[in-house]
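Since the structure comes first, as structure tokens, the remarks are kept for the end.
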Protein chains: 2
Amino acid sequence: MTPSTRRPPHGNRGDLFDPQCPTRRLLDRIGTKWTSMAIKVLAEASPQEVRFAELQRRMTGVSQKMLSVTLQGLTRDGLVGRRVEASVPPRVHYRLTPLGLTLEEPLARLREWAEEHMAEVDRANQRSQEGTADS
Amino acid sequence: MTPSTRRPPHGNRGDLFDPQCPTRRLLDRIGTKWTSMAIKVLAEASPQEVRFAELQRRMTGVSQKMLSVTLQGLTRDGLVGRRVEASVPPRVHYRLTPLGLTLEEPLARLREWAEEHMAEVDRANQRSQEGTADS
DNA sequence: CAGGATCCATACCGATACTG
DNA sequence: CAGTATCGGTATGGATCCTG
């Protein structure tokens, strides 16, 4: 989106409000269901690697398919590194890249906000619920 | 998005991994297409209020419906305040609540990361693209 | 063990039409 | 002006089966 240093009065079309907006694209990625959790788990393990099955154990509820898809996306994005042990059975190890580690920081800020304020969000929702619960 | 159907039978690693994980629920919200942009625009205007139509002008590409839905969600969550001018035609003004303002800060960190690193993510994707010897 | 392929339910989102 | 209602396309994500 628009760099924080710039504050156009209004009507700043073109620049960073278009579909190529990097922030929207980033949110499209980390907004997918398992991505941020994968990053968190890998960040907690870092610099240790984590195997696929162990990752699945630590990410409660994720299916094999979704974990695979999520890791593929993160690997394509250069956020996660993938190392295959050519053994039988194969062992695949994942870890955050340096780039992925830099993303973990702002993501952690977001987690902190969530842990600190989501209860208040819930209360606001309950109040709205009550407001619409008319006779 | 929130997986309320899945209930892991065993305990999980930390309270943040269950379906009620506040971070995931937060990402479900700000991950929707227009939410983060609305927060950004309202934050830029803060403490000024912004009317519906003006909001739509500043959020390039958003439809009336999606803006309405987005603002309803943010209002229910207590992140956005809504003031209706009882005039004809009606005028509705929106602004970030103090809670919404606190969210803008970690969101800005995420934007900064995106502006700084998404180009590198794109390059990683292009490399993956080339590596895929398809068809 | 790790993941590909397939089917499918749902949610998101856009376009359009209609109100007070 | 500021919504609400409805329809439908599409992407996301889950369950299941299959493979090297």
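As the structure is a prediction and not an experimental result, all values here were calculated from the model. These values consider heavy atoms only, across backbone and side chains, with no hydrogens, waters or symmetry-generated copies. So that the names make sense, note that chain A is the first sequence line, chain B the second, and so on, each numbered from 1.
- Between Gln72(B) and dT4(D) there is a side-chain polar atom (N or O) within less than 4.0 angstrom of OP1 or OP2.
- Glu54(B) has its CD atom 12 Å from the P atom of dC1(D), to the nearest Å.
- Look at CG on Asp28(A): it is 11 Å from P on dG13(D), rounded to the nearest Å.
- Distance CZ (Arg29(A)) to P (dG13(D)): 13 Å, rounded to an integer number of Å.
- Rounded to whole Å, atom P of dA2(D) lies 7 Å from atom CZ of Phe52(B).
- dA5(D) atom P lies 17 Å from atom CG of Leu67(B), rounded to whole Å.
- Looking at residues 75-86 of chain B, you'll see Arg82(B) sit with a heavy atom under 4.0 Å from some atom of DNA chain D.
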Distances for protein N/O vs nucleotides 13-18 of chain C N/O pairs under 3.5 angstrom?
{"from": "dC13(C)", "atom 1": "OP1", "to": "Lys33(B)", "atom 2": "N", "distance (Å)": "2.7"}
{"from": "dG14(C)", "atom 1": "OP1", "to": "Lys33(B)", "atom 2": "NZ", "distance (Å)": "2.8"}
{"from": "dG14(C)", "atom 1": "OP2", "to": "Trp34(B)", "atom 2": "NE1", "distance (Å)": "3.0"}
{"from": "dG14(C)", "atom 1": "N7", "to": "Lys65(B)", "atom 2": "NZ", "distance (Å)": "3.3"}
{"from": "dG14(C)", "atom 1": "O6", "to": "Lys65(B)", "atom 2": "NZ", "distance (Å)": "2.0"}

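- Protein atom CG of Leu74(B) is 13 Å distant from nucleotide atom P of dG3(D), rounded to whole Å.
- Remark: P of dG3(C) and CD of Gln56(A) are 10 Å apart, rounded to the nearest angstrom.
- Remark: Thr70(B) engages no residue in a side chain to side chain donor-acceptor pair (under 3.5 Å) (not counting sequence neighbours).
- For Glu112(A), the salt bridge (charged side-chain N to carboxylate O under 4.0 Å, His left out) partners at least two apart in sequence or on another chain are Arg109(A).
- The nearest heavy atom of DNA chain D to Pro90(A) and to His93(B) marks one nucleotide each, and the one closer to the 5' end goes with His93(B).
- Between Ser68(A) and Pro89(A), the residue whose closest nucleotide on DNA chain C is further toward the 5' end is Pro89(A).
- Here salt bridge (Lys or Arg N to Asp or Glu O under 4.0 Å) pairs that include residues 73-89 of chain A, with residues two or more places apart or in two chains, are Arg29(A)-Asp77(A), Glu49(A)-Arg83(A).
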After noting the C-alpha distance and the side-chain angles of Thr32(B) and Trp34(B), does the key distance pass the side chain to side chain contact (heavy atoms under 4.5 Å, CB included) rule? CA-CA 6 Å; Thr32(B) 61; Trp34(B) 300 105; over 6 Å; no
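- A donor-acceptor pair under 3.5 Å links the side-chain atoms of Ser128(B) to the main chain of Ala124(B), judged by distance alone.
- Residues that satisfy the salt bridge (charged side-chain N to carboxylate O under 4.0 Å, His left out) test with Arg51(B), not counting sequence neighbours, are absent from this structure.
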Please report, to 0.1 Å, the donor-acceptor pairs under 3.5 Å made by any side chain of residues 95-107 of chain A, with sequence neighbours excluded.
{"from": "Thr97(A)", "atom 1": "OG1", "to": "Gly78(A)", "atom 2": "O", "distance (Å)": "2.7"}
{"from": "Thr97(A)", "atom 1": "OG1", "to": "Leu79(A)", "atom 2": "O", "distance (Å)": "3.1"}
{"from": "Thr97(A)", "atom 1": "OG1", "to": "Leu99(A)", "atom 2": "N", "distance (Å)": "3.4"}
{"from": "Thr97(A)", "atom 1": "OG1", "to": "Gly100(A)", "atom 2": "N", "distance (Å)": "3.0"}
{"from": "Thr102(A)", "atom 1": "OG1", "to": "Leu99(A)", "atom 2": "O", "distance (Å)": "2.5"}
{"from": "Thr102(A)", "atom 1": "OG1", "to": "Trp113(B)", "atom 2": "NE1", "distance (Å)": "2.9"}
{"from": "Glu104(A)", "atom 1": "OE1", "to": "Arg111(A)", "atom 2": "NH2", "distance (Å)": "3.4"}
{"from": "Glu104(A)", "atom 1": "OE2", "to": "Arg111(A)", "atom 2": "NH1", "distance (Å)": "3.2"}
{"from": "Glu104(A)", "atom 1": "OE2", "to": "Arg111(A)", "atom 2": "NH2", "distance (Å)": "2.1"}

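- By the side chain to side chain donor-acceptor pair (under 3.5 Å) test, Asp28(A) pairs with no residue at all, sequence neighbours left out.
- As a whole-Å value, the separation of Tyr94(B) OH from dC1(D) C1' is 11 Å.
- Under the rule for a side chain to side chain donor-acceptor pair (under 3.5 Å), Arg91(A) has no partner lying at least two apart in sequence or in another chain.
- When the side-chain nitrogen and oxygen atoms of Arg51(A) are compared with OP1 and OP2 of dA2(C), one or more of them lie within a distance under 4.0 Å.
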